[in-house]
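Every chain is numbered from 1 and lettered A, B, ... according to where its sequence line falls, protein lines coming before strand lines.
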Amino acid sequence: MDLRFSDDDERFRAEVRAWLEARLDGDFRDLRGLGGPGREHEAIEPRMAWERELGAAGWIGLGWPAPSGRGASLWRQVIFHEEYAQARAPGRFGHIGEYLLGPTIAALGTPEQKGLFLPPIARGEQMWCQGYSEPGAGSDLAGVTTRADLASGAWEIHGQKIWTSHAHLADWCFVLARTDPTERRHAGLSYLLVPMRQRGVTARPIKNLTGTAEFCEVFFDGARTAAENIVGAPGEGWKVAMATLAFERGASTLGQQIGFAGELAAIIAAVRERSADRDPEICRRVADAWIGLRVMRSYALRVLAHGEQGELPLAGLGAKLYWSTWHRRLGELAMDVLGPEAEIIAGAPYGLTPLQETFLFSRADTIYAGSSEIQKNIIARRALGLPRSS
Amino acid sequence: MDLRFSDDDERFRAEVRAWLEARLDGDFRDLRGLGGPGREHEAIEPRMAWERELGAAGWIGLGWPAPSGRGASLWRQVIFHEEYAQARAPGRFGHIGEYLLGPTIAALGTPEQKGLFLPPIARGEQMWCQGYSEPGAGSDLAGVTTRADLASGAWEIHGQKIWTSHAHLADWCFVLARTDPTERRHAGLSYLLVPMRQRGVTARPIKNLTGTAEFCEVFFDGARTAAENIVGAPGEGWKVAMATLAFERGASTLGQQIGFAGELAAIIAAVRERSADRDPEICRRVADAWIGLRVMRSYALRVLAHGEQGELPLAGLGAKLYWSTWHRRLGELAMDVLGPEAEIIAGAPYGLTPLQETFLFSRADTIYAGSSEIQKNIIARRALGLPRSS
Amino acid sequence: MRFAFSEEQEEIRRQVRRAIADGGGVLAARRAMLEDAATDLELWRRLTRDLGLAGLAIPEAHGGAGLGWVEIVAVIEELGASLACVPFLSSACLATAAILEAGTPAQHDALLPPMARGEATATLAWLEAGGDASPAAIETAARVAQGDHVILSGTKRHVVDGHTADLLLVTARTPDGAVALYAVPAAAAGVERRRLPTMDATRAQAEIVLSDVHVPASSRLGGGGWPPIGRALAKARIALAAEQVGGAQACLDLGVGYAKVREQFGRPIGSFQAIQHTLADMFVLVETARSSAYHAAWDGEHEPDLEITAAATAAYCAAAFYRCAADTIQVHGGIGFTWEHDAHLYFKRARAGRTLLGSMTDHRDTVARSLGLGPLGTQESR
Amino acid sequence: MRFAFSEEQEEIRRQVRRAIADGGGVLAARRAMLEDAATDLELWRRLTRDLGLAGLAIPEAHGGAGLGWVEIVAVIEELGASLACVPFLSSACLATAAILEAGTPAQHDALLPPMARGEATATLAWLEAGGDASPAAIETAARVAQGDHVILSGTKRHVVDGHTADLLLVTARTPDGAVALYAVPAAAAGVERRRLPTMDATRAQAEIVLSDVHVPASSRLGGGGWPPIGRALAKARIALAAEQVGGAQACLDLGVGYAKVREQFGRPIGSFQAIQHTLADMFVLVETARSSAYHAAWDGEHEPDLEITAAATAAYCAAAFYRCAADTIQVHGGIGFTWEHDAHLYFKRARAGRTLLGSMTDHRDTVARSLGLGPLGTQESR
């Protein structure tokens, strides 16, 4: 056991830090702290420019294999995310392309697809969104009903997707669609790459409980994409879609935790400002939050270390459940620290303070990207080997 | 809305109180506080004598219809239970006969059964136990496999029951047994009355986590009972068994709560003695316990009032879940108040203090008499009308 | 022993329910919350002019219905179920109780009739910057001026419906250090008020700045210091608890309704045990909270220890509502955290209720003190 | 960056597991807990004489293996999984750390070799009546006597394995008010000890009465006051946390195993979502607690802030084990609360762990203080 980064890795860290500082003290100085979950509506155009800046400097696709990527180790990816978060660099728009679609193409795509898609993603010029969930298939992805038919050399797509992050800003969408209507559930699905900027595609942002939007409904009404824009064979969509999720190796987790630490620091500052630490119960709840975050880091490091060489270990299946539950509780702590002032928002009509955003948006944390209930089902079945609840 | 007892009821209360005080300051003075859940092993013989004392004074069968009972209103039964608990009168052995079997016989029994069984129960001379659960049928009563066959004018019984309170002390047992082996699940069961003191019946106490025993395993190995010792027709056992459970109208709940209040008072005394109230978190947890108990009383009064004239309202389905959860938390509070001293028992080999008994035995509260999971299933289906989880 | 509403009380409840339904239910609240006043004026008119509910707890001698807190609880439970944006809690419960508890008969006669008629509303302005609910935190000053006048100076915050109330009942500290309550017309010179935008947009709060506001000395309600104010807050806490019961029931109803129709994996999600058990827990919370609030409404008028009763039910019902509102979001999944769905409105109302009339911690500390546990500091009681 | 045990460390773990299995696992603990010594002497012999584990963290110079807390954690996790009744926590972790932290090299040389060889055990006697974990609560007095002797008087309680240990490390207050640590042979005149019967019968506690016990002044370990004792407790807390991880895993394994075979309603109860989700929550607790304990074992030897690290993992792992033990009883239903089933043994061990080396509240307060939050009183540090 040795929980130190190597000297080489520390040099890499210094390089990342220097680059971020130069940029975020320079042209992009107004972007620190903007964007991210619950705040995706902020500074869209400048953050798009930032994506291109990242791309030009070669920071996108760090973990992809060469030639499109730099083949960096998992720990270097971790370091990049840590420094990125520490610098309060803006929330990414490109992460779906970089961490989900990119690795999928790199592993399962055709040579043509690699040449076509990886370079623009790596340049920060092509934004992607993920078309999995549907109004009738939220937790139950195998219930997808969006249909795609091959006709005159192109797929024609009809259906509706929902909870699609950034759909209104994306150039492309990877869509799980039913291409063989005679097959049911997991069979008969395909994984299609569909351009968003065409007639036949409408993306409508969904306003959430914070009053802002980052998820969308996407309507495919005869949208088209070329026949070759499919990953894997027709009917292999489920397998490819699951592979996509597996490519998310969690390197960004430690960056996410630095964001959480920032929220916790803001709460501690509020405790001090209000002298709320006269109450030992508040002190202990803050301590619990701090302990919980430290445990989260230990858990992430252990799981990443085990997963460094291959599959993520089953031990890591609790990560989403853990952080979302912790974060929800953090939001509640923030409100309880503030007392009656917790109610007062930053400004009319519905401008929330950052702590209020944390509080409200964290209610979504336990729902999107696999609700807590689904997470527990997965743990029960995969980690504990319990029988399927029929 | 009027939450006062009538003057007549208050006079009845005074009568109960005077009788209890006279007896418990007199011949039965050593019995105060003995027995009850988790402590059923205490003072068995004197408590049997106490049962007969209660019977002789006409306190058993208070709520039964005349002539065996006194037809007292639900509120008078409540008053009796309140005073009984307030006086710290000993835990009952006769309650299964009085509150479960007695009303069942009174409502569904033959005239002969009424004449045979109700008087000795009312005299405090005949103890009963309940033979429902089996090793393979705990939560799932319809899975009963104990078999009874009618041969030469008597039922012959083979099988095993478990979690049978007081079986080793009981004279009789009402047994849910399968009399028609061709029927499955709820069908083909019968409700038999079986004498316990015979060859072919073995009751073996089960030591529980407190180191004492009050539940038993009961083995029926060719035990016999007369053909007429059946309530309802053969095959109607499920219906009768459910009716038995429904007769428990909850009049004793308020007495139970007085017992809980005594435990809470002991915890508050421990808080004071140890100056544990220097810690506001402990103070607030005590406050929560107190609030929870007050809520329990409000809930019981409201449900009893609605149920006074007939069926218990659906609103009351949460009672068991509520009190068992509250009580479990109370036990945990007691331990946290005591700090390291919580570990030290009253004496070797395993003599627990009352607060330790509360703490440990309350783990059983959420399991016996319908586990918390089963309670929630019942609420979901009956009160909320949710579809059966297939 | 009767733990149920009378037929008359049930009739009042039905009338309220009908009035709310006619106005559009939660939709009306959604409309109202977007307006400056954050008040559903149409519903308030019906409740007051048509049904006379503003004066429910006002004695008949002062133009009210002469009923009590059992009726208040029946009404406000319905209002809570639909998130009604009306000043019932602030004016018909809190301010009414404050005037009744603190005022002299002459003051009752002067102040209550217009409120009973629904022509004027009032509210209590007691919290200040920091939101500390203890009377010791009151810094607004009442200075004696010549001509039998008093000059009030200070800033009140979190005043429920304070931006629309006609009459402000203002707590202030007199030169001898005692707490006094003054009836201040909102239109008085030197009163500035502004709505504080809140997370829970269905219930408005205001900041009220009093800059040398001159009021006659006779506008001091009675002479009783904090105790009558404490009693009024206790009664309002019981009303709020009942409102929360209504909200919690609505959340349960939303959750159950959705669980029966929403299908995933080829069956209603209400057939999954995880959903069933969540809803079962909510059911127990709703029924126990309801029992507690009803009981408190009766006890509050018939038993001593009003403030302990109120603190106990306030802490319990606030927690129950919050948990039900949070869990109904979870049961609904994605749709549950959208702006279009009502779940978040209940959730925000539930969150606000955790501190609206004292925090849940305050309430638990009140109970702990009543059990002789401390030192938690003692409430000032002069 | 490597977050895993080396092959050598895994081999130690396997040896421990084998020794436990050979002795009968939890059955051996059941036998041992009925005896006066409450010690599984056979297992202790194997762990010490055969495997040399008593000296795991003792430097080679003093006859130990010269390894550290990462190895300690690997071993004690296995011991915790089987509720092993051996003085590993008290002697090989707590007392060893106390001697190493507080003692001089000469004292190390005098005291550690017999412990490393498994010929003697030691324990730390620090708590007194009331169980207050703060050093300010130490009232046992160390008076100076003639002839370069010290006289110790006082009563220690909750001394882990105190009825069997050969050497007692006793905290006492010197005439100048400082805290000092003395090495007192259990056989010294004036030492009376008696086992305190405990709810958790698998780990014994003793009361130790010191009646004018004369020891040479040189038996004072070093001269450092509380800080080295605090560090030793911190290291022991990390060991206890790892032991709790082993216990929590055992509870999860029991629950999963039972859920797969126990049938109700015609199917394994493990197919019910309520059971699945309970077990899934336990799984997350086990894996996070394990990560925390391992991390703390490493951090405790390589990073500053040992006491904060220890407090954090102690609070977390104690809570995780308790919850897993409680929930495994629930998952088992009726059989889970019988004496014959092992679930209650884990449950009681888990409960005891909530206060064994400081309470969970103490640990959380330590963390809060480190965040600059207070006033929670400050730990005496002289």
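- For chain D, no part of Leu74(A) is nearby; none of its heavy atoms comes within less than 4.5 Å.
- Both the backbone and the side chain of Asp2(A) have a heavy atom closer than 4.5 Å to some heavy atom of chain D.
- Considering only heavy-atom pairs separated by less than 4.5 Å from chain D, the leading option among Gly318(A), Ala315(A), Ala380(A) is Ala315(A).
- In this structure, no portion of Gln375(A) lies under 4.5 Å from any heavy atom of chain D.
- Both the backbone and the side chain of Thr309(D) come within contact range of chain A, judged by heavy atoms closer than 4.5 Å.
- Salt-bridge check for Glu281(A) with Arg284(A): failed, with every basic side-chain N at 4.0 Å or more from each acidic carboxylate O.
- When heavy atoms are compared at a cutoff of 4.5 Å, Asn377(A) approaches chain D by way of both its backbone and its side chain.
- Only the side chain of Arg294(A) comes within contact range of chain D, with at least one heavy atom under 4.5 Å from a heavy atom of that chain.
- Residue Asp253(D) does not touch chain A at all, counting heavy-atom pairs closer than 4.5 Å.
- For Glu341(A) and Arg274(A), the salt-bridge test fails: no basic side-chain N is under 4.0 Å from an acidic carboxylate O.
- Interface remark: of the candidates Ile275(D), Asp281(D), Val70(D), Asp281(D) forms the most heavy-atom pairs closer than 4.5 Å to chain A.
- Proximity to chain A is limited to the side chain of Leu252(D), based on heavy atoms less than 4.5 angstrom apart.
- With respect to Glu7(D) and Arg14(D), a salt bridge is recorded, a charged nitrogen being found less than 4.0 Å from a carboxylate O.
- In this structure, the separation between CG on Leu317(A) and NZ on Lys376(A) is 14.5 Å, given to the nearest 0.5 Å.
- The minimum heavy-atom distance linking Ala311(D) with Val367(D) is given by the pair CB-CG2, 4.1 Å.
- A salt bridge does not link Arg272(A) with Asp277(A): every distance from a Lys NZ or Arg NE/NH1/NH2 to an Asp or Glu carboxylate oxygen is 4.0 Å or more.
- Figure legend: cation-pi geometry between Arg2(D) and Trp298(D) absent, as NZ or CZ is not positioned both under 6.0 Å from the six-membered ring centre and within 45° of its axis.
- Ion pair Arg302(A)/Glu287(D) flagged as a salt bridge, since at least one NZ, NE, NH1 or NH2 atom sits closer than 4.0 Å to an Asp/Glu carboxylate oxygen.
- Both the backbone and the side chain of Val256(D) come within contact range of chain A, each with at least one heavy atom under 4.5 Å from a heavy atom of that chain.
- Listed options Ile378(A), Ile291(A), Val286(A), Thr325(A) were ranked by heavy-atom pairs under 4.5 angstrom with chain D; first place goes to Ile291(A).
- Within the 4.5 angstrom heavy-atom criterion, only side-chain atoms of His302(D), from C-beta onward, approach chain A.
- To the nearest 0.5 Å, the span separating CE on Met296(A) from OG1 on Thr288(D) amounts to 10.0 Å.
- Contact of Leu3(A) with chain D is made through backbone and side chain together, with heavy-atom distances under 4.5 Å.
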